[in-house]
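Protein chains get the first letters and strands the later ones, always in sequence-line order, with residue 1 at the start of each.
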2 protein chains.
Amino acid sequence: MFSQSEENYLKAIFHLQGETDDGVSTSSISTHLNTKAASVTEAVKRLAEKKLVDYQKYYGVQLTETGKEHALAVVRKHRLWESFLVDRLNFNWDEVHEVAEQLEHIKSIKLVEELDKFLGRPAYDPHGDPIPDAKGNMPEIPRKKLSQLQKGDRGTCKGFNDASSSFLKYLAKQQIGLGTAVEVVNIEKFDESMTVRIADEEVQLSKTATDNIYVDP
Amino acid sequence: MFSQSEENYLKAIFHLQGETDDGVSTSSISTHLNTKAASVTEAVKRLAEKKLVDYQKYYGVQLTETGKEHALAVVRKHRLWESFLVDRLNFNWDEVHEVAEQLEHIKSIKLVEELDKFLGRPAYDPHGDPIPDAKGNMPEIPRKKLSQLQKGDRGTCKGFNDASSSFLKYLAKQQIGLGTAVEVVNIEKFDESMTVRIADEEVQLSKTATDNIYVDP
DNA sequence: TTATATTTTTAGGTAAAACTAACTATTTAT
DNA sequence: ATAAATAGTTAGTTTTACCTAAAAATATAA
Ligand SMILES: [Mn+2]
Ligand SMILES: [Mn+2]
Ligand SMILES: [Mn+2]
Ligand SMILES: [Mn+2]
């Protein structure tokens with residue numbers, strides 16, 4: 001149906017689209033996928049041709065309904081496979097993302113359905129991200145970036161951006177995991193770094209780090 | 001490391017090489033992979049460049065030691081995934097081959113090792129084919145094509161060529177499976193079709209069918 | 001042993017997916 | 001409002017992987 005490259009673009013656009021409803025820029029896609037903006041322009045033209053995105057020159061792209069459906073199907077597979085690797089094959093949560101990047105492109109509706117059943121229809125992946133069901137629905141969990149909290153705020157870790165294994169290893173070292181309670185002790189003005197209390201221990205977290213930690217306030 | 005296309009060529013050459021030690025023809029590869037001979041010529045040049053095959057113009061290709069190792073790694077993955085699909089995900093043996101054709105290209109040594117462990121290190125896949133171990137060793141099971149038996153010979157089914165789902169469905173309908181005892185009742189001269197006895201029932205099998213059934217005489 | 005048939009390779013194309021360099025449109029700052 | 005900076009597109013290449021048609025080599029048959 002669609003190529004791996006096309007699926008990667010759809011997924012990237014889906015993630016970058018977030019809440020806002022204005023177009024996703026080619027440069028943000030190129031950063032996300034480690035390609036060059038010129039390559040993205042070509043790619044989105046092909047996607048527009050196939051009615052997977054709406055594309056307006058110089059004003060970015062947006063997924064069509066079909067495009068979004070397919071992106072969600074890929075996200076579903078990615079998160080199910082990550083769950084499989086951690087829950088059944090003894091992988092650590094910090095070493096599954098790369099493999100899931102490959103597995104998410106396997107084409108077989110039956111495989112996804114049976115895998116989901118086999119895993120007991122998990123609602124969240126190992127990084128706390130919700131797993132869409134076969135129809136593309138997923139629980140809207142209220143969560144913020146840790147970086148959005150103010151001094152004095154408390155919250156519980158609900159998810160982490162799993163794109164980098166080194167980040168997840170770093171979290172493990174800091175004793176931060178799903179469900180960990182955090183309290184913002186201080187925020188440095190000049191670099192937005194944060195001091196947080198985790199079970200009586202105080203740790204320093206960079207803005208880069210707090211941007212990739214999701215909390216339920 | 002190697003592309004899906006390259007891996008498919010290596011696997012095809014491995015299967016076509018069989019016992020004989022003369023070169024595999026480009027046309028046989030093209031038939032096997034549903035491509036054109038011209039495409040194969042180009043592909044084997046690339047493989048020869050990478051020292052995965054020895055190629056002599058007009059005289060076919062042979063896998064190098066490295067090429068064979070990699071082919072066996074792909075075969076190992078293919079058969080492990082088929083086992084996973086049948087043993088754990090409720091797939092039928094006749095619907096796993098196509099999916100395994102995709103899964104065999106996933107690159108992760110840990111994944112293969114953990115999958116193997118998870119499945120209890122199976123020795124055979126659902127079609128009776130031996131699964132190579134991590135080093136590429138697999139049991140040399142003595143087996144012949146059913147088509148090689150003579151009138152009056154008996155044997156036990158030890159494997160089936162799983163490339164076509166329709167063939168496996170046909171076998172199921174004829175009540176032929178792994179371990180089934182067969183006796184050659186008659187062979188027609190003109191089309192080499194065979195009459196075999198299976199548990200008191202007599203069935204007619206075409207040469208195409210008997211070429212794809214392996215037996216232990 | 002020559003002629004014919006078959007197989008294989010070469011030559012020339014196409015399409016996807018990437019790249020760099022150059023150009024153009026939009027945004028921002030003066 | 002204009003100029004400079006930034007972002008985005010176009011043009012021209014490259015590599016992989018396929019194709020068809022034509023040419024060349026090998027195999028076979030008279
Ligand atoms: Mn992931
Ligand atoms: Mn994840
Ligand atoms: Mn198979
Ligand atoms: Mn098999």
Report task. Would you mind telling me which of B:K77, B:R76, B:H78, B:Q4 makes a side chain to side chain donor-acceptor pair (under 3.5 Å) with B:E104? Result ->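 Among B:K77, B:R76, B:H78, B:Q4, the one that satisfies the side chain to side chain donor-acceptor pair (under 3.5 Å) with B:E104 is B:H78.
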Query raised in the report: With respect to B:T195, which candidate in B:E188, B:Q204, B:K151 satisfies the side chain to side chain donor-acceptor pair (under 3.5 Å) definition?
Result: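 Option passing the side chain to side chain donor-acceptor pair (under 3.5 Å) with B:T195: B:Q204.
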Distance in angstrom units between [X] [atom1] and [N] [atom2], rounded:
X     : N      : atom1 : atom2 : result
A:E49 : C:dA17 : CD    : P     : 13 Å
A:D22 : D:dA7  : CG    : C1'   : 15 Å
B:R46 : D:dT14 : CZ    : C1'   : 14 Å
B:Q4  : C:dA16 : CD    : P     : 18 Å
A:Y59 : C:dT26 : OH    : C1'   : 6 Å
A:E42 : C:dT20 : CD    : C1'   : 12 Å
A:K36 : D:dG8  : NZ    : P     : 15 Å
B:K57 : D:dT26 : NZ    : P     : 10 Å

Taking OP1 and OP2 of [N], is either one under 4.0 Å from a side-chain nitrogen or oxygen of [X]?
X     : N      : answer
B:S39 : D:dC19 : yes
B:Y55 : C:dT8  : no
A:S27 : D:dG8  : yes
B:T26 : C:dT9  : yes
B:Y9  : D:dC18 : yes
B:S25 : C:dT7  : no

Report task. Determine yes or no for a side-chain-to-main-chain donor-acceptor pair under 3.5 angstrom, with B:Q17 supplying the side chain and B:L63 the backbone. Result ->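 Yes; at least one donor-acceptor contact below 3.5 Å.
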Query - Sidechain-backbone polar pair: B:K51 side chain, B:T64 backbone, donor-acceptor under 3.5 Å - result: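 Side chain of B:K51 to backbone of B:T64, a donor-acceptor pair under 3.5 Å: no, none is there.
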Report task. Quick one: label A:S5 by what it contacts on the DNA or RNA (base, sugar-phosphate, nothing), any heavy atom closer than 4.0 Å. Result ->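 Touches sugar-phosphate only.
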Requested in this report: For the side chain of A:E6, starting at C-beta, report the closest nucleotide among C:dA17, D:dT26, D:dG8.
Outcome: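 Out of C:dA17, D:dT26, D:dG8, the nucleotide with an atom closest to A:E6's side chain is C:dA17.
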**Report entry** Nucleotide nearest B:A38 when distance is taken to its side chain, options D:dA21, C:dC19, D:dT9
**Finding:**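 Selected nucleotide (nearest to the side chain): D:dA21.
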Query raised in the report: Is it the case that B:R88 places NZ or CZ above or below the six-membered ring of B:F118, under 6.0 angstrom from the centre and within 45 degrees of the axis?
Result: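 Yes.
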Query raised in the report: If you pin A:S3 and B:K45 to their nearest nucleotides in DNA chain C, which one's is more 5'?
Result: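 Mapping each residue to its closest nucleotide by heavy atoms, the 5'-most match is B:K45.
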